[in-house]
Every structure is written in C-alpha cells, then in structure tokens.
Peer 1: 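The following block contains the structure, expressed as structure tokens.
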Amino acid sequence: MDLFVVKTKRKRADSQSESSGSKKFKSYEKSECNVIDFKKFRLENLSCDYGILYSKREADNLLKECEKILCYNEGKLAKICLFGKWHNIPRKQVAHGDEGLSYKFSGNSIPARPWLPLLENIRDDITRQTGYKFNFVLINRYKDGSDYMGEHKDDEKDLEADHPIASLSLGQARDFIFKHQDSRGKNSTRRDIPPLKLVLQHGGLLMMNYPTNSYWYHSLPCRKKLFNVRINMTFRKMVVK
DNA sequence: GAGTGGCCAAAAAC
DNA sequence: TGTTTTTGGCCACT
C-alpha cells in the first residue's frame with residue numbers, strides 16, 4: 001500500500017496551526033492536551049491520525065464495563081430506511097450526548113441519551129489527548145465479524161462539518177476501509193486513488209480530520225472468521241441550535 | 001466445491 | 001436533484 005505515514009508526536013501548536021491555517025477552518029475552543037504517539041495518514045483530501053489511547057489492561061476494563069452498563073436501541077431506532085425499504089441495522093447502536101441533541105441519517109433520528117460517567121471519562125480523556133471537545137457519542141456494537149457497517153460518509157448537516165470525529169475502538173480488532181468518493185462505482189473517474197485500509201486495535205483512537213468526511217467513504221466490512229465483540233465510539237461535535 | 005470478500009445495482013424517500 | 005450507514009447477486013480467489 002502506498003501511504004504517506006509520518007510517525008510523530010502531536011503537538012498542540014501543530015494541531016492549532018492545522019485548524020487555523022485556512023480561513024475555511026473555525027477556531028475551536030481547545031484545551032491543553034497530552035500527546036498520543038499518533039501515526040499520521042495523509043492522502044488526497046484525507047487527514048487521519050491513529051494511535052493507542054488505552055493500554056490493553058485499561059481497554060479490557062472499559063470493554064467489560066461497557067458490556068455491563070450500555071443499553072442499545074431497539075425497534076424503529078434499530079432500523080434504517082434505504083432505497084425505500086426498512087432494514088434492521090447489522091449491529092447494535094446507541095447515542096449519548098448533551099441534552100436535546102440527536103443524530104439524523106437515512107430516515108431515522110437517533111436521540112442522545114444522557115451522558116454516563118464512563119462515557120464522560122472517555123470523552124474527557126480524548127479531549128485531554130487531542131485538545132478537541134465533543135458533545136455527542138454514537139456507539140456501535142459489533143457482536144462478531146458478521147456484524148458490519150457499509151460504506152458511508154459522516155457528513156450530516158447536524159455535525160460541525162470541519163470538526164474532527166474521534167473514533168475509539170474496544171475489543172476485536174477490525175479492518176477499516178477508506179475509499180475516495182470518485183474511486184467508487186462503475187463510472188468512477190479516479191480509479192487511480194487506492195483504498196486505504198487500517199486495522200483498528202483494542203484501545204486505538206482514530207481521529208478523522210476535516211475534510212476527510214467530505215471526500216472519503218469509510219466502512220467496516222464483514223470478517224466471518226472473527227468471533228469477538230467490538231465496540232466503537234465515535235465522538236462528535238454536533239451543531240447546537 | 002465451499003467459504004469468503006469485492007463490486008455493483010436496486011427504485012423510493014428525503 | 002442527488003444521495004443512499006442495506007441487501008442480494010455475481011464473480012474471483014483461495
């Protein structure tokens with residue numbers, strides 16, 4: 001795979017210059033941050049940073065706690081409308097966040113349940129490490145390798161478009177595929193842009209920075225030979241109306 | 001031959 | 001008007 005990968009310590013000054021170097025970027029309120037040993041992934045209109053946020057022991061404890069306390073949506077909230085048909089989503093899902101926030105996609109609106117102390121702790125750990133603040137988390141639970149998520153972009157209007165999305169993985173390591181929007185489908189115009197595959201590890205944190213979600217689809221494909229649970233938390237900054 | 005994974009199209013609501 | 005967080009069919013590979 002032809003990647004431009006730079007292993008470096010992320011500095012506060014770096015991240016600020018990234019977000020304030022262009023007038024297109026808002027200057028978000030950022031707090032002091034520690035530094036994870038992030039690997040940087042930079043492709044055409046793709047900017048992602050990936051590093052290990054929690055040790056195996058810490059991540060084990062978090063996963064165990066999540067399995068104990070999290071309750072997932074059922075009924076209509078666990079369905080999705082696509083091409084006029086309703087389907088059960090092939091995973092479990094729930095959202096927590098600030099009061100009044102919700103996440104809308106494909107015919108559904110996922111209301112945020114109140115923050116739980118465990119989720120607030122994780123959210124605050126990510127803020128300490130990255131400097132970014134979040135007001136919403138979408139949690140997906142994949143019971144094994146047969147649960148998955150299809151290609152999509154997180155570019156909903158409810159999201160602060162140029163704020164990073166922080167994705168924390170707990171449990172089973174899974175492939176995570178990025179595909180450029182112009183490299184997809186039979187009539188693609190940019191077949192020269194190869195997909196980017198990452199393996200998201202137990203305790204790993206993936207930062208998807210602007211403008212990745214405007215140009216790149218991502219997916220978590222089926223892996224039938226994997227049998228353990230994975231929980232993914234995507235911390236987001238929603239627009240407050 | 002079976003299992004798996006990648007690619008593509010569907011046909012209607014927003 | 002363009003898009004679609006799925007499903008299912010086809011095909012290639014192991």
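Lettering of chains follows the sequences in order, A, B, ..., and the numbering in each one begins at 1. Excluded from the calculations below are hydrogen atoms, water molecules and symmetry mates; all remaining heavy atoms, backbone and side chain alike, are included.
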Peer 1: Give A:R91 one of three labels, base, sugar-phosphate or nothing, depending on what nucleic acid heavy atoms sit under 4.0 Å from its own.
Peer 2: base
Peer 1: Would you call the rings of A:F235 and A:W115 parallel, tilted or perpendicular, where under 30° means parallel and over 60° means perpendicular?
Peer 2: parallel
Peer 1: In this structure, how many angstroms lie between the C1' atom of B:dG6 and the CZ atom of A:R223, rounded?
Peer 2: 9 Å
Peer 1: Which nucleotide in the set B:dA9, C:dT3, B:dG6 lies at the smallest distance from any side-chain heavy atom of A:Y217?
Peer 2: C:dT3
Peer 1: Nearest whole Å is fine: how far is B:dG5 P from A:R174 CZ?
Peer 2: 9 Å
Peer 1: For the aromatic rings, using the six-membered ring if either is Trp, is the centroid distance between A:F176 and A:H218 under 6.0 Å?
Peer 2: yes
Peer 1: With A:Q93, which of A:N73, A:N232, A:N140 fulfils side chain to side chain donor-acceptor pair (under 3.5 Å)?
Peer 2: A:N140
Peer 1: Quick one: is B:dT4 close enough that its OP1 or OP2 comes under 4.0 Å of any side-chain N or O from A:K225?
Peer 2: no
Peer 1: Would one find a side-chain N or O of A:R191 under 4.0 angstrom from OP1 or OP2 of B:dC7?
Peer 2: no
Peer 1: Once you round it to whole Å, what is the distance between C1' of B:dA13 and NZ of A:K76?
Peer 2: 12 Å
Peer 1: Could you state the CD-P distance from A:E151 to B:dA10, rounded to the nearest angstrom?
Peer 2: 17 Å
Peer 1: Base, sugar-phosphate, or nothing: which does A:N140 touch, judged by heavy atoms less than 4.0 Å apart?
Peer 2: nothing
Peer 1: Kindly point out which of B:dG6, B:dA9, C:dT6 is positioned nearest to the side chain of A:K186?
Peer 2: B:dA9
Peer 1: Is the centre of the A:Y132 ring less than 6.0 Å from the centre of the A:H163 ring?
Peer 2: yes
Peer 1: Watson-Crick or G-U wobble partner for B:dC7, using a 3.5 Å limit on both distances?
Peer 2: C:dG9
Peer 1: Taking CD1 from A:I80 and P from B:dA13, how many angstroms apart are they, rounded to a whole number?
Peer 2: 16 Å
Peer 1: Base, sugar-phosphate, or nothing for A:K179, non-hydrogen atoms under 4.0 angstrom?
Peer 2: sugar-phosphate
Peer 1: Quick check on DNA chain C: between A:H87 and A:K153, whose nearest nucleotide comes earlier from the 5' end?
Peer 2: A:K153
Peer 1: Would you kindly give the CG-to-P distance between A:D144 and B:dT4, to the nearest whole Å?
Peer 2: 12 Å
Peer 1: If the test is side chain to side chain contact (heavy atoms under 4.5 Å, CB included), which one of A:I139, A:I165, A:V137, A:L168 qualifies with A:T234?
Peer 2: A:I165
Peer 1: Any side-chain N or O of A:R184 less than 4.0 Å from the OP1 or OP2 oxygen of C:dT3?
Peer 2: no
Peer 1: Starting from P on C:dT4, measure out to CG on A:N213 and report it in whole angstrom.
Peer 2: 12 Å
Peer 1: Quickly work out the A:W86 CH2 to B:dA13 P distance and round it to whole Å.
Peer 2: 11 Å
